[in-house]
Amino acid sequence: MGYEVVIGLETHVELSTNSKIFCSCGGHSSPKEPNDCVCPACSGMPGMLPVMNKRVVELAVTAGLMLNCEISRYTTFDKKNYYYPDLPCAYQITQLNHPICTNGLVTVKTANGARDIRIKQIHMEEDAGKLVHEGKFSFVDFNRTSVPLIEIVTQPDFRSAEEVLAYLNKLKSMFRAGNISECEEGAMRCDVNISVRKEGSDEFGVRTEIKNMSSFEAIDKAIRFEAQRHIDALEFETEELVQETRRFDDVTGKTFAMRNKETEADYRYFPDANLMPIIIDDEWLEQIKAAKPVEVDERAEEYRAEGISDKEIEILLDNSKAAKLLDDVIALGCNAKDSAAWILTDCAGILRKDGQSLNELNISAEKLAAIIKMVANGDVNRNSGKKILIAVVEDDVDPVKYCDEQGFAKKVDSSAVESVIDKVLSENTKAIEDYKNGKEKAKQALFGACMKELKGAGDPALIRTLLDNKLQNI
Ligand code: ADP
Ligand code: MG
Ligand code: ZN
């Protein structure tokens, strides 16, 4: 029996703000030399107070909107206490009790299809500084202390490294498009929580957390290594799994234990009384929504790659019903570009005539695909295809049967067209005479009579050429 890997991610993203989260020092991309963006507040001098950067709230809310989260209208900060030389206050300002966004959902696409990943929450917090080790000395650089971060926490919904990478790539392209973060390496860091369980089991196994990885390649390798370590431990009892924090070593490609997993109590969280609760009212939320950029939809890119025009893509992204129909007929083997034209031009046109919109389109993908294929294969011409489409859209007829009944299906070769023209000419001697006397309209009437005789199934250009030839020779 196989094992299933279960993964939950905590992703830290450094925001592209001009200044830090609680002081006016330059933000993420400002520093040139160590400690050149530091002030008494962000270096933890006694008595300094934090002042909230409004832009951080706006970017966090924008990220939440992109990830379909509920936006908290009341959000507060807490102190997470621990001692480390890169944390000058000996606490990190973060959000525990009232995070800014909760309950989101993001769909990721992998080779095995689409998967929904639930977002547990997004919270705002400040980054820590950096330690630089040189020989027996260690240096501390406070440029990064108080750079704003959002942390995005997922539910344990990933089942493979592929899904994790698809998710991270999606976050990256969304956040770049939204000017939330450039997400360059180091600006996006993940803690990967991982466990395995027997396939079919609905209980989670013991989880370990691999901390602080920023290269996607390392994340991929670490997940594969750690999943195998868990499976071996369970299958062959190579070791006992304990809940712990681990680090991934790039050189050996292995993870190793760092420390036992700390619990919430270890951090002595308490509300940060130096910062007022933030209230997000309707007006502010509407402003943030209005400023949110249009997402670069992977879907749009796929359509574009198929040769579908920007105008059509716009309609498709706006109209999920039309988009679904298009996806379905493509899945049935139709050409994407052609099918888009059939739906957005032909179907829309028929509905418009009846005073309806594309939303009211009620045609099965199978019937539409049958028509598109008949035309694409040359079994009927596009004109006849359109007539069949009208009958299907308006009366839901069976396209193949209808085509047979109307006699559209027969291949109309030039000899068949010729005999029809001969017949029409022999029945319309008056019109021929008129034409010879200079009446152009008479030729149009003859052409119409031929089309009618062929029930619209003939190629109009061919009919015109043959008709012209015959008239010349009379
Ligand atoms: P903690 O407070 O200990 O960090 P959370 O409940 O916040 O725990 O979860 C942290 C992350 O661990 C989340 O992304 C969650 O999805 C993930 N996670 C929780 N349980 C498991 C598990 N059994 N296997 C894998 N990931 C898990
Ligand atoms: Mg956690
Ligand atoms: Zn500062």
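Both counts, for ligands and for their atoms, begin at 1 and track the order of listing.
- Taking a cutoff of 4.0 Å between a charged side-chain nitrogen and a carboxylate oxygen, Asp191 and Lys211 qualify as a salt bridge.
- At a heavy-atom distance under 4.0 Å, only backbone atoms of Gln155 (N, CA, C or O) approach ligand 1.
- Checking only distances, Ile7 never comes within under 3.5 Å of ligand 1, N or O to N or O.
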Decide yes or no on salt bridge (charged side-chain N to carboxylate O under 4.0 Å, His left out) for Asp127 and Lys20, but give the supporting numbers first.
CA-CA 9 Å; Asp127 209 342; Lys20 291 186 176 182; over 6 Å; no
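- When rounded to 10 degrees, the angle formed at the Zn ion (ligand 3) by SG (Cys42) and SG (Cys23) equals 110°.
- For atom 9 (O) of ligand 1, the nearest non-hydrogen atom from the set Arg207, His230, Gln243 belongs to Arg207.
- With a 4.0 Å cut-off on non-hydrogen atoms, Leu9 touches ligand 1 through its backbone and not its side chain.
- In the vicinity of Gly205, heavy-atom distances shorter than 4.0 Å reach the ligand 1 atoms 23 (N).
- Per-residue contacts place Val6 under 4.0 angstrom from the following atoms of ligand 1 (heavy atoms of the residue considered): 24 (N), 25 (C).
- Within the 2.8 Å limit, Cys37 places no N, O or S atom next to the Zn ion (ligand 3).
- Interface of Val153 with ligand 1, defined as ligand atoms under 4.0 Å from a residue heavy atom, comprises 13 (C), 14 (O).
- The atoms of ligand 1 that sit less than 4.0 Å from any heavy atom of Asn193 are 11 (C), 12 (O), 17 (C), 25 (C), 26 (N), 27 (C).
- There is a side-chain donor-acceptor pair under 3.5 Å between Arg207 and Asn193.
- Backbone and side-chain nitrogen or oxygen atoms of Lys120 are examined, and one is located within less than 3.5 angstrom of a nitrogen or oxygen of ligand 1.
- Between the side chains of Ser138 and His133, at least one donor N or O lies within less than 3.5 Å of an accepting N or O.
- The minimum heavy-atom distance linking Met124 with Phe77 is given by the pair CE-CZ, 3.7 Å.
- Atoms of ligand 1 found under 4.0 Å from any heavy atom of Pro156, numbered from 1 in the order shown, are 16 (O), 26 (N), 27 (C).
- Remark: Arg382 is positioned above the aromatic ring of Trp342, its terminal NZ or CZ atom under 6.0 angstrom from the ring centre and at most 45 degrees off the axis.
- Ring geometry for Phe137 versus Phe139: interplanar angle of 30 to 60°, hence tilted.
- Side-chain atoms of Glu162 and Thr110 form no donor-acceptor pair, as typed in the model, at a separation below 3.5 Å.
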